[in-house]
Amino acid sequence: EQHFYQPMVLFGSVLVCVGLWLLAMQKAPRSVVWGTLVGDILLLLVIFLWFYVEAKSVNWACIMMALAMGIGCIFARKNINNGCVMMKIAMDGLFANERLYAVTFGVQLVWVAFFALWIAGLIGMHFVKEAKLDPELGDRCKVEMGWTDSGLLWFYWIVIYYWATFFFRNINV
């Protein structure tokens with residue numbers, strides 16, 4: 001692998017960003033929440049401008065989403081501000097009990113490992129092939145999809161992912 005370090009760098013960068021995000025949410029939750037909402041709206045407008053300049057087309061979806069988000073923020077501003085106050089209380093509680101970081105980090109690492117193995121299994125399913133004798137070809141074999149091509153296995157794989165994700169996401173509560 002020529003770029004083997006990329007997942008490690010990305011994962012490390014995410015850890016640093018998460019730490020900074022949590023710290024910012026404790027110190028100034030209102031600014032972070034409103035900054036994120038305004039940033040989302042501005043990003044939609046930038047995407048609209050990019051489509052307009054590069055493709056010479058009007059991206060109505062971006063305009064409509066930006067308008068809907070702006071109107072939603074105006075009508076829900078009291079609830080958003082109340083949520084920011086609750087977030088400040090929750091973050092103060094989280095920072096008061098530092099052992100929670102280690103526990104939740106451990107749970108998240110287990111979930112990330114499960115997700116990585118689940119994705120690897122999902123991708124690997126397509127590579128399972130079986131060689132079977134083909135009477136039309138005489139003594140020759142033909143390659144067919146293996147036992148992993150079963151619809152029941154796919155259903156099972158999705159259900160396992162759903163329940164495992166539900167468990168890992170709610171165990172921290």
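Heavy-atom basis, side chains included; hydrogens, waters and symmetry copies ignored. As the structure is a computational prediction, the values presented were derived from the model and not from experiment.
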Q: Mind checking ring-ring contact (aromatic ring centres under 6.0 Å, His included) for F115 and listing every partner two or more places apart, or none if nothing turns up?
A: W111, Y161
Q: Would you mind listing the cluster partners of V16? Hydrophobic ones only (ILVMFWY), side-chain contacts under 4.5 Å, chaining allowed.
A: L20
(Q) Is it the case that the side chain of K88 and the backbone of Q26 share a donor-acceptor pair, with hydrogens and angles ignored and the cut-off at 3.5 Å? (A) yes
Q | Residues which pass side-chain hydrogen bond (donor to acceptor under 3.5 Å, both in side chains) with W34, listed by chain and number, not counting sequence neighbours | A | N81
Show which side-chain atoms of residues 35-56 pair as donor or acceptor with protein atoms under 3.5 Å away, not counting sequence neighbours.
| residue | atom | partner | partner atom | Å |
| --- | --- | --- | --- | --- |
| T36 | OG1 | V32 | O | 2.7 |
| K56 | NZ | V53 | O | 3.0 |

**Q.** Separation of K27 NZ from D92 CG (nearest 0.5 Å)
**A.** 8.5 Å
Q) Is there a chain of hydrophobic side chains (I, L, V, M, F, W, Y, each step under 4.5 Å between heavy atoms) that links F114 to V110? A) yes
What side-chain donor-acceptor pairs closer than 3.5 Å can you find for residues 4-15, not counting sequence neighbours?
| residue | atom | partner | partner atom | Å |
| --- | --- | --- | --- | --- |
| Y5 | OH | H3 | ND1 | 3.4 |
| S13 | OG | V9 | O | 2.8 |

Q) Using a side-chain heavy atom cutoff under 4.5 Å and only I, L, V, M, F, W and Y, what cluster partners does M64 have? A) none
Q. Partners of W60 by ring-ring contact (aromatic ring centres under 6.0 Å, His included), sequence neighbours excluded?
A. none
Q) Within a reach of under 6.0 Å around CE of M87, are more than 12 heavy atoms found that belong to other residues, nucleotides or ligands? A) no
Q: Taking side chain to side chain contact (heavy atoms under 4.5 Å, CB included) as the test, write out the residues that go with C84, two or more places apart.
A: R30, V33, I80
(Q) Using the salt bridge (Lys or Arg N to Asp or Glu O under 4.0 Å) criterion, which residues pair with K142? Sequence neighbours excluded. (A) E144
Q | ring-ring contact (aromatic ring centres under 6.0 Å, His included) pairs, two or more places apart, involving residues 70-96 | A | F95-Y101
Q | Residue list, side chain to side chain contact (heavy atoms under 4.5 Å, CB included) with K129, at least two apart or on another chain | A | V143, M145
Q: Identify whether I119 and L117 are in the same connected component of the hydrophobic contact network (ILVMFWY, side-chain heavy atoms under 4.5 Å).
A: no
Q.
Check for me, please, whether I160 and V107 land in the same ILVMFWY cluster - side-chain distances under 4.5 Å, paths through other members count.
A. yes
Q: Name all residues meeting the side chain to side chain contact (heavy atoms under 4.5 Å, CB included) criterion together with L67; count only those two or more places apart in sequence or in a different chain, and write none if there are none.
A: I63
